[in-house]
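The structure displayed is predicted, hence computed values, not measured ones.
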Amino acid sequence: MTDLQKDILVALLFVAGIYGFISGAFIVSAVVFAVSALLSNVHLTGRLQQN
């Protein structure tokens, strides 16, 4: 996956989490936010270790 694809994936998961929170699906939105945060941190950690 390229950096752009990973950034787009994290952004889409974040937007899906917000939509789930607004619609009342709190458990689903919490899971989506957790996955989004996890992917973002893994992506950032990988980028820091390359330098």
Please table the atom pairs, donor to acceptor, closer than 3.5 Å between any side-chain atom in residues 14-26 and protein atoms at least two apart or in another chain.
from	atom 1	to	atom 2	distance (Å)
Ser23	OG	Tyr19	O	3.2
Ser23	OG	Gly20	O	3.1

| CG/Asp7 to CG/Leu39 distance, rounded to the nearest 0.5 angstrom? | 11.0 Å
| When clusters are formed by joining ILVMFWY residues with side-chain heavy atoms under 4.5 Å apart, either directly or through shared neighbours, do Val10 and Phe33 land in the same one? | no
| remark: With sequence neighbours left out, the residues meeting side-chain contact (heavy atoms from CB on, under 4.5 Å) with Leu12 are Ile8
| task | Kindly give the heavy-atom pair with the smallest separation between Leu13 and Ser36, and that separation in Å. | result | CB-CB, 3.8 Å
